[in-house]
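Worksheet: one structure, shown below.
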There are 2 protein chains.
Amino acid sequence: MDGRTKVSAAWVADKPPRRQQPLSREQIVRGAVTYLEQHGLEDLSMRKLASHLGTAATSLYWHVATKDQLLDLVLDEIFGEVSLPEEEGEALADLRRVLHEVRRVLSRYPEAARLAASRPTLGPRALRVVEYTLGAFLRWGYPEESIAYAYNLVANYTIGGVLVELSRQRVAGADSTTDGVSEDADTMREFVESLPSEEFPNFVRLSGLLVKANDDESFEFGLDRLLAGISNDLAK
Amino acid sequence: MDGRTKVSAAWVADKPPRRQQPLSREQIVRGAVTYLEQHGLEDLSMRKLASHLGTAATSLYWHVATKDQLLDLVLDEIFGEVSLPEEEGEALADLRRVLHEVRRVLSRYPEAARLAASRPTLGPRALRVVEYTLGAFLRWGYPEESIAYAYNLVANYTIGGVLVELSRQRVAGADSTTDGVSEDADTMREFVESLPSEEFPNFVRLSGLLVKANDDESFEFGLDRLLAGISNDLAK
DNA sequence: ACCGTCAATGGAACGTCGTACCGGAGGGGG
DNA sequence: CCCCCTCCGGTACGACGTTCCATTGACGGT
């Protein structure tokens with residue numbers, strides 16, 4: 001209600017004061033990461049992110065070409081959280097360590113796995129991780145011609161794992177009659193009991209195990225098998 | 001310009017004739033699948049799908065609760081294309097066969113992998129596949145307590161594989177200066193050459209192999225290692 | 001033959017999204 | 001002092017998913 005000292009047309013609302021310090025691409029990316037953490041990927045819109053940062057949506061476009069590019073940057077920023085061992089130990093152990101780290105970070109922002117799965121991870125911070133992983137393979141003595149394949153294998157497995165955990169959190173009934181979407185393991189059990197056990201005997205029989213399979217244990221289990229399978233290629 | 005035989009207010013445009021046969025949920029789902037195949041996932045909107053079917057967007061909502069539910073149904077429909085061996089052969093071979101089939105089908109609709117990764121696959125047709133896979137594990141003699149884990153492992157790997165292939169098709173430069181998105185392996189090579197080889201020596205050295213890694217071979221390679229790792233658990 | 005019922009359709013509209021356009025504000029160098 | 005360059009943000013456009021509702025027409029009962 002009070003006019004500012006400067007004389008001006010009284011009916012004009014005061015413009016918000018100029019931003020103390022112009023915002024930077026980095027600020028935007030970091031803001032997006034924390035927004036992602038708090039509200040999830042599908043709630044992240046340019047407008048909401050902007051108001052989270054105290055700006056207008058269109059202002060973001062000065063620093064960032066497109067939402068897609070922003071997401072690339074966000075993903076890379078997240079990969080920056082992956083911490084790599086300072087000193088090199090036994091190669092295989094280091095390999096395990098870095099895979100666990102990636103898994104840990106991606107789980108911290110579950111949506112990040114979706115990002116990682118939908119776009120290649122070639123930002124500078126992500127490359128840091130790739131570089132380290134390849135190095136571990138080399139130090140391990142893994143044959144060079146096969147490293148690309150082996151790398152794909154473990155990368156697939158790690159990202160895919162987080163992804164599937166994520167999707168299992170929201171179990172959707174997709175049979176022809178029901179359309180509900182629900183979220184916990186009880187509903188899963190309920191779903192299992194609802195379907196004809198003569199048609200899916202194995203599934204019904206094993207469903208108990210399938211339901212209570214622990215994510216971390218499952219990752220560990222798979223990683224063990226996977227590395228065991230790989231180590232047969234090692235030059236003896 | 002011509003009025004129809006029925007007398008009616010001449011200025012009223014002729015309503016489109018009533019649909020010869022009311023459309024069904026199945027028609028919609030199948031229409032969505034072919035639309036997906038032709039135009040891709042991100043072009044699939046309710047309006048476009050509707051006009052592809054010769055209806056109005058809002059008419060779809062009589063048969064389907066929500067777009068999300070429709071996607072569930074679409075995914076399950078796609079899983080229906082997975083053909084299972086008629087007669088059971090050697091268990092391990094059957095296991096390989098079904099995984100290859102899933103991979104084949106998911107690759108046919110590359111977007112389907114994204115769907116499969118973002119929602120659990122528990123529709124009736126998908127369950128058919130799960131059921132068969134579990135059966136193969138059992139016949140193989142795999143210890144029951146571990147089947148859930150082993151199943152997760154191979155499922156992750158198969159879906160994750162298609163997903164990563166898909167994402168590698170569009171290599172995005174995500175370093176701080178460029179923002180282009182491009183598509184072929186040449187651009188990839190160009191990207192590799194643009195980055196400091198002293199910072200990422202392994203990556204640069206191996207990039208040739210990483211680039212020309214063939215998807216099918218890569219899948220085969222990983223599958224071999226993976227099953228090798230798993231078969232150590234077999235009751236001898 | 002009429003009528004009422006009711007599954008099925010589609011137009012209008014709401015709120016949201018990504019983004020283009022552009023008029024300006026502020027500050028620094030001539 | 002003025003101009004220019006950087007940065008901001010209001011307005012607006014077209015597309016989206018979805019809700020609401022008026023309307024249609026086929027069918028079963030009388």
Side-chain angles (χ1 to χ4, degrees), chain A residues 4-9 11-29 31-32 35-36 39-74 115 118-119 179 181, chain B residues 4-9 11-29 31-32 35-36 39-74 115 118-119 179 181:
Chain A
R4 237 54 202 86
T5 57
K6 276 290 188 67
V7 285
S8 63
W11 47 270
V12 167
D14 287 324
K15 288 282 178 79
R18 198 117 246 256
R19 181 162 272 289
Q20 56 293 31
Q21 190 155 337
L23 61 98
S24 67
R25 174 182 280 209
E26 286 217 0
Q27 272 173 58
I28 294 176
V29 172
Y35 192 97
L36 198 64
H39 304 93
L41 181 60
E42 62 207 18
D43 253 13
L44 177 66
S45 73
M46 295 304 265
R47 283 179 239 256
K48 288 184 186 157
L49 172 58
S51 85
H52 174 77
L53 292 168
T55 353
T58 51
S59 301
L60 302 179
Y61 282 90
W62 179 258
H63 305 272
V64 150
T66 203
K67 186 187 183 184
D68 232 50
Q69 189 207 52
L70 174 58
L71 291 181
D72 281 338
L73 296 170
V74 164
L115 286 182
S118 69
R119 52 188 12 85
D179 54 329
V181 170
Chain B
R4 236 54 201 89
T5 56
K6 277 289 189 68
V7 285
S8 63
W11 47 270
V12 167
D14 287 322
K15 286 282 176 81
R18 199 115 245 257
R19 180 162 273 291
Q20 57 291 34
Q21 189 154 337
L23 70 103
S24 67
R25 175 182 278 211
E26 286 218 359
Q27 272 173 58
I28 294 177
V29 172
Y35 192 96
L36 196 63
H39 304 94
L41 182 58
E42 61 207 18
D43 253 12
L44 177 65
S45 73
M46 296 302 265
R47 284 179 238 256
K48 288 185 187 156
L49 172 58
S51 86
H52 174 77
L53 291 168
T55 354
T58 52
S59 301
L60 302 178
Y61 282 90
W62 180 257
H63 305 274
V64 150
T66 204
K67 188 188 182 183
D68 232 51
Q69 190 205 50
L70 175 59
L71 291 181
D72 280 339
L73 296 169
V74 164
L115 285 182
S118 70
R119 52 191 9 79
D179 55 329
V181 171

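Everything quoted here is computed from the prediction, not taken from an experiment. Letters A, B, ... mirror the listed sequences (proteins, then strands); counts begin at 1. The figures here come from the full heavy-atom set of this structure, side chains too, leaving out hydrogens, waters and symmetry mates.
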When you check the phosphate oxygens OP1 and OP2 of [N], does a side-chain N or O of [X] lie under 4.0 Å from one of them?
| X | N | answer |
| --- | --- | --- |
| A:S59 | D:dC7 | no |
| A:W62 | D:dC7 | yes |
| A:S45 | C:dC17 | yes |
| B:T66 | D:dT18 | yes |
| B:H63 | C:dA7 | no |

Rounded to whole angstroms, how far apart are [atom1] on [X] and [atom2] on [N]?
| X | N | atom1 | atom2 | answer |
| --- | --- | --- | --- | --- |
| B:K67 | D:dA15 | NZ | P | 15 Å |
| B:E42 | D:dA15 | CD | P | 16 Å |
| A:L70 | C:dC17 | CG | P | 15 Å |
| B:L53 | C:dA8 | CG | P | 16 Å |
| B:L44 | D:dG17 | CG | C1' | 12 Å |
| A:L23 | D:dC7 | CG | P | 9 Å |
| B:L60 | C:dG10 | CG | P | 9 Å |
| B:K48 | D:dG17 | NZ | P | 9 Å |

Looking at [atom1] of [X] and [atom2] of [Y], how far apart are the two atoms once the value is rounded to the nearest 0.5 Å?
| X | Y | atom1 | atom2 | result |
| --- | --- | --- | --- | --- |
| B:D68 | B:S118 | CG | OG | 8.0 Å |
| B:K67 | B:D72 | NZ | CG | 12.5 Å |
| A:H52 | A:D43 | NE2 | CG | 12.5 Å |

Item to complete: Between A:Y61 and B:A57, name the one whose nearest nucleotide on DNA chain C is closer to the 5' end.
Response: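 Upstream on the strand: B:A57.
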Practice prompt. Could you tell me whether the side chain of A:R119 reaches within less than 4.5 Å of the side chain of A:L115, counting heavy atoms only?
Written response: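 Side-chain contact under 4.5 Å: yes.
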Fill in: Side-chain touch A:L60/A:L53, heavy atoms, less than 4.5 angstrom
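A:L60 reaches A:L53 side chain to side chain.
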Discussion item. Using the side-chain heavy atoms of A:A56, tell me which of these nucleotides is nearest: C:dA8, D:dG17, D:dG10.
Written reply: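 The answer is D:dG10, which lies nearest to the side chain.
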Worksheet item: Taking the side chain of B:T55 as heavy atoms from C-beta outward, which of C:dG10, D:dG17, C:dT19 is closest to it?
Response: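 Nearest listed nucleotide: C:dG10.
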Discussion item. Looking at A:T58 and D:dG10, is any side-chain donor or acceptor paired with a base atom of the opposite kind under 3.5 Å?
Written reply: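 Answer yes: a donor N or O sits under 3.5 Å from an acceptor.
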